[in-house]
Amino acid sequence: MRHLLEVDDLTGAEIARVLDLAEVAEPPQVLAGSGLALIFEKPSARTRNSMEMAVVQLGGHPVYIQGDEVKMGVRESVGDVARTLASYHAAIGARVFEHDKVEGLAAADVAPVVNLLSDAAHPMQALADLLTLRQEWGELEGRTVAYVGDANNVARSLALAAGLTGVKVRVGSPPGYQFSDTDLDRIRSVGTDVTVHDRPQEAVEGADAVYTDVWTSMGQENEAEERGRAFEGWSIDSRLMTGVAQGGVFLHCLPAHRGEEVAAEVIDGPSSRVWPQAANRMHSARGLLAFLLGEV
Ligand code: CP
Ligand code: NVA
């Protein structure tokens, strides 16, 4: 049984296959007559809707479950939730605070588990990011993406996904918000060519894409003020974008905060690809499910 808890649960070749499946005109009906359980302990606009629609397009029926309804680990054990849902559904997706909850669902080994964002990882986002960049560039191999901002769940999955597909990574974050050595070891372990920078200008220099995310992630709201101070000077604005390669594009997983991590002139400007990127959440989700439920 295969799970997607982090994007390196797939090989580079498997990611390429997922991206190919994301673009097939007639999606295989691998979920015909089946359900997919979607547990959300945190809010979502893109992930819930893209997953629900991907399930429908594969012939299945999505069931949205609020975290408070099942209260994993409180009302009953994470394993018992997995065993229960697996008796109705072909797979389980979960958006959780602690990554060990998706690990707990997978450990029950009763249905494929897809991480829909945890404090550690956001693999479904990384697949959409790669699809967007592949559509932009034709080929991923040999390009460079600069991630500027909090070295968080989105950054971790992006760096792994990039490395697995031959994209070089430059990461720029202020002190205290950088990847740990453990993160860098894991990112490098899949062959990622990654460099770390402590100035945003240095990180974006010559990059083919610049990527950022919010300074304060879900669950960190009480740190917002402190983070706002730490990230002063780290906004992606048009001046910073002058350092990128010719034709360089801007990506953001969304939700975005204009005037904080990105200036309106960039996210709403000609180099922005955030709307195709958001749309690709559905296509890449469909590709992933078609692969996980139809080909392994
Ligand atoms: N990018 C992303 O995961 O968005 P949502 O939080 O709206 O799902
Ligand atoms: N890093 C953000 C991503 C939101 C899609 C968060 O975890 O809230």
Side-chain angles (χ1 to χ4, degrees), residues 4-7 22 36 38-55 62 64-67 93-102 114-133 145 147-161 171-174 176-180 183 209-224 226-228 230-231 234-236 250-258 260-262 267 272-289:
L4 185 78
L5 304 189
E6 177 51 297
V7 74
L36 204 127
L38 297 166
I39 306 168
F40 281 83
E41 291 187 344
K42 301 179 184 180
S44 168
R46 282 143 291 271
T47 307
R48 175 183 175 183
N49 283 279
S50 60
M51 287 296 295
E52 289 208 15
M53 290 314 298
V55 170
Y64 170 74
I65 303 158
Q66 284 186 359
R95 168 167 284 198
V96 298
F97 285 94
E98 299 89 15
H99 188 74
D100 62 11
K101 286 222 181 106
V102 285
V114 178
N115 179 4
L116 303 179
L117 181 147
S118 65
D119 52 1
H122 197 3
M124 295 302 285
Q125 180 65 52
L127 294 173
D129 302 338
L130 289 181
L131 182 61
T132 310
L133 292 174
V145 59
Y147 179 91
V148 176
D150 188 20
N152 59 14
N153 46 6
V154 166
R156 220 170 271 121
S157 294
L158 175 74
L160 285 167
V171 185
S173 319
Y177 299 93
Q178 297 161 337
F179 279 135
S180 66
D183 287 330
V210 176
Y211 197 122
T212 195
D213 184 13
V214 291
W215 292 337
T216 301
S217 285
M218 291 181 276
Q220 300 173 332
E221 288 78 7
N222 61 350
E223 298 172 23
E226 184 186 337
R227 284 171 169 268
F231 281 93
W234 285 81
S235 290
I236 313 291
F250 171 78
L251 297 179
H252 191 312
C253 57
L254 307 177
H257 299 123
R258 288 168 178 79
E260 292 185 32
E261 76 276 4
V262 61
I267 192 167
S272 177
R273 297 292 181 273
V274 301
W275 299 115
Q277 181 186 11
N280 277 334
R281 289 296 309 274
M282 179 174 75
H283 304 305
S284 54
R286 197 174 60 241
L288 185 274
L289 294 175

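Start at 1 and go down the list; that is how both ligands and their atoms are numbered.
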Task: Residue pair Glu261 / His252, side-chain donor-acceptor N/O under 3.5 Å - done: yes
TODO: Report yes if Ser217 has an N/O atom closer than 3.5 Å to an N/O atom of ligand 2; otherwise report no.
DONE: yes
Open item on the list: Can you confirm, on distance only, whether ligand 1 has an N/O atom lying under 3.5 Å from any N/O atom belonging to Leu254?
Closed with: yes
Open item on the list: Is it the case that ligand 1 has an N or O less than 3.5 angstrom from some N or O of Ala45?
Closed with: yes
Task: Residue-ligand contact Leu254/ligand 2, heavy atom below 4.0 Å - done: yes
TODO: Considering the heavy atoms of His122, write down every atom of ligand 1 situated less than 4.0 Å from one of them.
DONE: 2 (C), 3 (O)
- [ ] Measure the distance from atom 2 (C) of ligand 1 to every protein heavy atom, then report the residue, atom name and distance (to 0.1 Å) of the closest one.
- [x] Arg281 NH1, 3.3 Å
Task: Polar atom proximity, Asn153 to ligand 2 (N or O, under 3.5 Å) - done: yes
- [ ] Under the side chain to side chain donor-acceptor pair (under 3.5 Å) rule, collect the residues that match up with Gln178, sequence neighbours excluded.
- [x] none
TODO: Compute both the distance and the angle, then confirm whether Arg48 meets the cation-pi test with Phe40: under 6.0 Å from the six-membered ring centre, within 45 degrees of the axis.
DONE: no
Task: Donor-acceptor side-chain pairing of Glu260 and Ser235 below 3.5 angstrom - done: no
Task: Distance from atom 4 (O) of ligand 1 to nearest protein heavy atom, with residue and atom - done: Arg46 NE, 2.8 Å
Open item on the list: Please list the nearest protein heavy atom to atom 3 (C) of ligand 2 with its residue and the distance rounded to 0.1 Å.
Closed with: Asp213 OD2, 3.6 Å
